[in-house]
Protein chains: 4
Amino acid sequence: MVETLLEAAAQVLETRGLEGFNTNAVAERAGVSIGSLYQYFPSKDALTIALMERENARFYKEALASLDHASGSAALDHLIRVAVWQQFARPTLARLLDVEESRPQLRAALPSTGSMRSLLLDILAREDSPQQADTDVAARDVFAMIRGLVDAAGERGETDTAGLTRRVCAAVQGYLTMMSAATPAEEDPHPADKREQPARKPAPRGPKRP
Amino acid sequence: MVETLLEAAAQVLETRGLEGFNTNAVAERAGVSIGSLYQYFPSKDALTIALMERENARFYKEALASLDHASGSAALDHLIRVAVWQQFARPTLARLLDVEESRPQLRAALPSTGSMRSLLLDILAREDSPQQADTDVAARDVFAMIRGLVDAAGERGETDTAGLTRRVCAAVQGYLTMMSAATPAEEDPHPADKREQPARKPAPRGPKRP
Amino acid sequence: MVETLLEAAAQVLETRGLEGFNTNAVAERAGVSIGSLYQYFPSKDALTIALMERENARFYKEALASLDHASGSAALDHLIRVAVWQQFARPTLARLLDVEESRPQLRAALPSTGSMRSLLLDILAREDSPQQADTDVAARDVFAMIRGLVDAAGERGETDTAGLTRRVCAAVQGYLTMMSAATPAEEDPHPADKREQPARKPAPRGPKRP
Amino acid sequence: MVETLLEAAAQVLETRGLEGFNTNAVAERAGVSIGSLYQYFPSKDALTIALMERENARFYKEALASLDHASGSAALDHLIRVAVWQQFARPTLARLLDVEESRPQLRAALPSTGSMRSLLLDILAREDSPQQADTDVAARDVFAMIRGLVDAAGERGETDTAGLTRRVCAAVQGYLTMMSAATPAEEDPHPADKREQPARKPAPRGPKRP
DNA sequence: AATGAATGAGCCTTCATTCAT
DNA sequence: AATGAATGAAGGCTCATTCAT
């Protein structure tokens, strides 16, 4: 029943959007009474949160496997592929849940563990990944980029998963490379020159450390 | 009065979020009656759209100057700086307007010209920018990345504008470089070996160290 | 100015109906400010009443001439012709004003003199008209019939004035004849037989007194 | 509940008139919440239409029996009696519904079948009814006369049903007779001289005494 | 457990009327 | 006198939530 309701909620969100997402519609779509819905979820927010968790778990399960890769880049690659795939499986749903997720009330109730970011942190911390000055920030940024790119793609109805995956990989690796190149000099007393370069001539060679 | 109402709308959006954004609240915050609001905006949507246009115009005015730069990278740099600055001026507002913008009804009424994307297209088409296979897609992607990164930063209350600007630049340039390298290298004097792979087969090697 | 406003009110009523009949629309149509409207009419009702009086006066002026006819039937004929003509000049307006007229607040403020009914009373009281048991009731009934017939015609967009006039005359004369035939026997102890006739065979001969 | 709401709507219409007829008032009068009203009627118009249909059905049920009469005049008599009785049962309600019925939006949603006019058409088409040149027009006219007479009676608070019925019968029969006489007398054994005139030149002579 | 009728706060919008300029 | 911006009561309608059955 819980599953029925969650799937109904997902479908309502997909077909009627945020505006049409109300408990009556969900119950109707699920083919149960509104009373039953409230027997399983104490409030609309609880339902929304449960849906987010379901989608997140679905993703996390696949994404966990990325840790099995030996190399950091392969792991990252895997993670991106899963993220894109997941967002593409139900693009509208993913995007709308992202929007809902920004509501303070929901954020508060949402577990911050088991998320993509924790995996990212793990991968970025590996020795063979482009070293970042602040892994935490990098993880957040990478996550934000992926989400931004894939949501935008979903929003305009893109269907070429392979192409999108390639672009997202490019973005992530580009970012990590550039940041890696820029940051070794954290305590560098003359950051001026280093900072400029990437901007002027987008450092095709940066990624590697000599 | 129009300005008063728009500012009130902005503040309501910032302080009460999308849920608390209703015409009564806006009128109250503006210190005018609800009737007055409707004398200047025929509907709530019209008010929202006007607010979007105001924010966009504010940004566009600054962003236009980016075209004055001789080099593509400097122009891009400028554009990013403006985008970050704009989103940082009122992070919550910018983010919530982005969300609203995805509502079909609003999109339809929104002018597609004068947007950041048109500027991006212009800049990316320059000879000295990393050549892209599909400038249109690149413009969209860059836009999506910037939005994703800056919204996320705003969402978690980041305040270090300089740092964020640096990271966004890194992401954008990284993306463009990677994508440029991936296409049958048009002007790159050193298309090298490694640049090719990441594109076709998302970079198992790129970021790694030898 | 008063005239301008009244005509504007009439036109708004005609083009937008009862629902679209509001003071702002009237002022706009008149090309004056809403403030000016309220300088000449203390309230919307006052405006409506003034419009009714204008339309009624317009009609009454023409209808008065009917009293000049020597014979009652000619007078009645004239009156009907004027009534039909008047209602046909602006069918929608006439009908909507009739509707408004039924509002108690308006009725109270409306002068009952100078109306069609007073003329009717006058005519029906003549010796050569079919004698009615209760002239007052007859006048009301005739008025009600005319209004009912002409409003219905106006409502469905009839344009054949001549035909309608003929039918209204038939109705009025038929009614008066029948009532006249039925009523001489007001104190008749056996009204049974008399009452039946008209019903069974609509008394073509009743009208006249032998 | 539907019945409760319809009755409440009827009472609000009767006691507060068209102006006071709003959904909140209806719900309050029915002793239910506004939400309940909207659970049974999707809109105010739907409620109004349902009320019209209820009143019409109430009338139609009784009126149908008029077709059982052998003679056309008896049938017509019956129909008129029912119409008068119905309008008298709730004069204000009947009149206000008539007014509402003229709103295009309601007309469109109202079934045109099962109405008084269809019965009238049936009766007027009978052989023993006064033959009409255009039965359709006659039916409309008769309907309009009845409505006009009875509404006016209701409006001024008349209570003498019997008297009103008699007068309405007189009007209808008078009309039909006159109109029948006016057309190239189809079956009238005594088309006579006088019958012709009234139609062509509205009856200067008919009602008069020699 | 399931149902779904009932609730009512709250939202968007209209429009008659006022009043400072 | 004329203007029209400002007012705010009121109306139609939605939807999260409750509760008796």
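Labels below follow one simple rule: chain letters A, B, ... track the order of the sequence lines, proteins then strands, and each chain is numbered from 1.
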Comparing C/Asn24 and B/Ala25 on DNA chain E - which has the more 5′ nearest nucleotide: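 It is B/Ala25, whose closest nucleotide lies nearer the 5' terminus.
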
DNA chain E: 5'-proximal contact among B/Ser43 and D/Tyr40 (nearest heavy atom):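 Checking each residue's closest nucleotide, the 5'-ward one belongs to D/Tyr40.
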
What's the [atom1]-[atom2] distance between [X] and [N], to the nearest Å?
X       : N      : atom1 : atom2 : result
A/Glu28 : F/dC15 : CD    : C1'   : 13 Å
D/Phe41 : F/dT14 : CZ    : P     : 15 Å
A/Leu18 : F/dT14 : CG    : C1'   : 16 Å
A/Met1  : E/dT3  : CE    : P     : 6 Å
A/Leu47 : F/dC15 : CG    : P     : 15 Å
D/Glu19 : F/dA9  : CD    : C1'   : 15 Å
B/Leu5  : F/dA5  : CG    : P     : 13 Å
C/Leu37 : E/dA16 : CG    : P     : 10 Å

Please determine whether side-chain contact (heavy atoms from CB on, under 4.5 Å) holds for the pair B/Arg29 and B/Thr15, giving the CA-CA distance in whole Å, both sets of side-chain angles, and the decisive distance to 0.1 Å. CA-CA 11 Å; B/Arg29 181 134 215 155; B/Thr15 57; 3.2 Å; yes

Closest approach of [X] to [Y] (non-hydrogen atoms, all atoms of both residues):
X        : Y        : answer
C/Glu101 : C/Arg107 : O-CG, 2.9 Å
D/Gly154 : D/Pro91  : CA-CB, 3.6 Å
A/Ala109 : A/Ile49  : CB-CD1, 3.2 Å
D/Lys44  : D/Tyr38  : N-OH, 4.2 Å
C/Leu18  : C/Glu100 : CD1-CG, 3.9 Å
C/Leu37  : C/Thr23  : CD1-O, 3.7 Å

Taking side-chain hydrogen bond (donor to acceptor under 3.5 Å, both in side chains) as the cut-off, I'd like each qualifying pair that reaches into residues 45-55 of chain C, sequence neighbours left out, listed once.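 Residue pairs passing side-chain hydrogen bond (donor to acceptor under 3.5 Å, both in side chains), neighbours aside: C/Glu3-C/Arg54, C/Glu7-C/Arg54, C/Asp45-C/Arg103.
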
Would one find a side-chain N or O of [X] under 4.0 angstrom from OP1 or OP2 of [N]?
X       : N      : result
B/Ser36 : F/dA5  : no
B/Ser33 : F/dA6  : no
A/Thr23 : F/dA16 : yes

Does atom CD of A/Glu28 have more than 12 heavy-atom neighbours from other groups under 6.0 Å away?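 Incorrect, the count does not exceed 12.
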
5'-most contact on DNA chain F: D/Lys44 or C/Val32, nearest heavy atom basis?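 The residue mapped nearer the 5' terminus is C/Val32.
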
Quick one: on DNA chain F, does A/Asp45 or D/Gly20 contact a more 5' nucleotide (nearest heavy atom)?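 By nearest-heavy-atom nucleotide position, the 5'-most residue is D/Gly20.
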
Which dot-bracket string fits DNA chain E when only Watson-Crick or G-U wobble pairs with both atom distances under 3.5 Å count, crossing pairs get [ ], and | stands for a partner on a different strand? .||||||||||||||||||||

Quick one: label C/Asn22 by what it contacts on the DNA or RNA (base, sugar-phosphate, nothing), any heavy atom closer than 4.0 Å.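 It contacts sugar-phosphate atoms only.
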
Just compare E/dT7, F/dA2, E/dA16 and give me whichever is closest to any side-chain atom of D/Gln39.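 Nearest nucleotide to the side chain: E/dT7.
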
Verify side-chain contact (heavy atoms from CB on, under 4.5 Å) between A/Phe41 and A/Leu6, making sure each step is shown before the conclusion. CA-CA 10 Å; A/Phe41 299 99; A/Leu6 289 180; 3.9 Å; yes

Distances under 3.5 Å between nitrogen or oxygen atoms of protein and nucleotides 18-21 of chain F:
none

